[in-house]
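Quick one: the structure is below, questions incoming.
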Amino acid sequence: MEEELLIQRAKDGDLEAFRELVERFLPVVERFAYQIGSPPAQIDDIAQEVFLRVYRFLDTYSSGKFSTWLYRITLNISRDMMRKNKREQDKVKKLYDQPAPPRPPDSEGQLLKNDEYRHLHNLVTGLDEKYRVPLVLFYFQEKKYDEIAEILSIPLATVKTRISRARGKLKDVLEITAGGEGNGLS
């Protein structure tokens, strides 16, 4: 398989092979980080940190699906940055006793193509992380339940339950905002 050959060449120090891996997986990393709720202004930083870690730890990668390993790294870095942002916002709130001004999204127009997608994205990112991440992996990244279980290091049954509950929560919110009209999430 071509991907395995690229990985092996990159492990052997071939920078061109590593560059090809980055080019191949950069859109996946950026899309996943955004879909799980990372601020658009930080997507580039997250992607850069992901590939720095991949480069540093590529020699520790053994077998399995490379994309699974990459999703796990992206999830961990996104979580770290979100926690850091929250701590910084909490410090600002304490210092000034008022909320920090929202950052203007500089690439949102490129990432969101229409109002419906923007609305859905806002609803999904409003879910608790334990529901949001499996939902994004399943519906937007098209991962199978067993892959999601491996990425998140949780049991398969938990993945199924969380996706089901996330769909239910989204359906409830969509029914309320649509005035009880059908929404197609059944």
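Numbers here simply count residues along the sequence, with the first being 1.
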Q: For A47 and V29, work out which heavy atoms get closest and say how close.
A: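 For A47 and V29, the tightest heavy-atom pair comes out as CA-CG1, 3.9 Å.
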
Q. So, do W69 and L58 sit near enough that their side-chain heavy atoms are less than 4.5 Å apart?
A.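 Result yes, sub-4.5 Å side-chain heavy-atom pair found.
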
Q | Residues E20 and R24 bridged, charged N to O under 4.0 Å | A |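 Looking at E20 and R24, the cut-off is not met.
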
Q. Do L52 and L70 belong to the same hydrophobic cluster, where Ile, Leu, Val, Met, Phe, Trp and Tyr are linked whenever their side-chain heavy atoms lie under 4.5 Å apart, directly or via other members?
A.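 No, L52 does not connect to L70 through the hydrophobic network.
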
Q: Mark yes when over 12 heavy atoms from residues, nucleotides or ligands other than Y55 sit less than 6.0 Å from its OH; otherwise mark no.
A: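 Not buried by this count: 12 neighbours or fewer within 6.0 Å.
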
(Q) Among residues at least two apart in sequence or on other chains, which ones pass side chain to side chain contact (heavy atoms under 4.5 Å, CB included) with A17? (A)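 Residues passing side chain to side chain contact (heavy atoms under 4.5 Å, CB included) with A17: L6, R9, A10, D14.
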
Q. Closest heavy-atom contact between G37 and T125?
A.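 Looking at all heavy atoms of both residues, the closest pair is CA-CG2, 3.5 Å.
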
**Q.** Audit row: S67, Q141, side chain to side chain contact (heavy atoms under 4.5 Å, CB included) steps and yes/no
**A.** CA-CA 11 Å; S67 64; Q141 298 297 321; over 6 Å; no

Q. Is there side-chain contact between F140 and L120, with heavy atoms separated by less than 4.5 Å?
A.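 Yes, close enough: below the 4.5 Å cut-off.
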
Q) Do Q48 and D44 have side-chain atoms, one donor and one acceptor, less than 3.5 Å apart? A)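 The criterion, which ignores hydrogens and geometry beyond distance, is not satisfied for D44 and Q48.
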
Q.
Looking at every non-hydrogen atom in both residues, tell me the closest pair between F66 and E3 and how far apart they are.
A.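 That would be CB-OE2, 3.4 Å.
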
(Q) Restricting to non-hydrogen atoms, name the atom on L127 and the atom on R132 that form the minimum distance, rounded to 0.1 Å. (A)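 Nearest heavy atoms, L127 then R132: O-NH1, 2.9 Å.
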
Q. Salt bridge (charged side-chain N to carboxylate O under 4.0 Å, His left out) between K11 and E4: does it pass, once the steps are laid out?
A. CA-CA 10 Å; K11 278 183 167 185; E4 291 172 6; over 6 Å; no

Q: Enter the distance from S164:OG to F138:CZ here, rounded to the nearest 0.5 Å.
A: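 S164 atom OG to F138 atom CZ measures 11.0 Å (nearest 0.5 Å).
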
Q. What's the spacing between I73 CD1 and F25 CZ if we round to 0.5 Å?
A.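 Nearest 0.5 Å value for the CD1-CZ distance: 11.5 Å.
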
Q. Using 4.0 Å as the upper bound for N to carboxylate O, is an ion pair formed by R79 and E129?
A.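 Answer for the salt bridge query: yes.
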
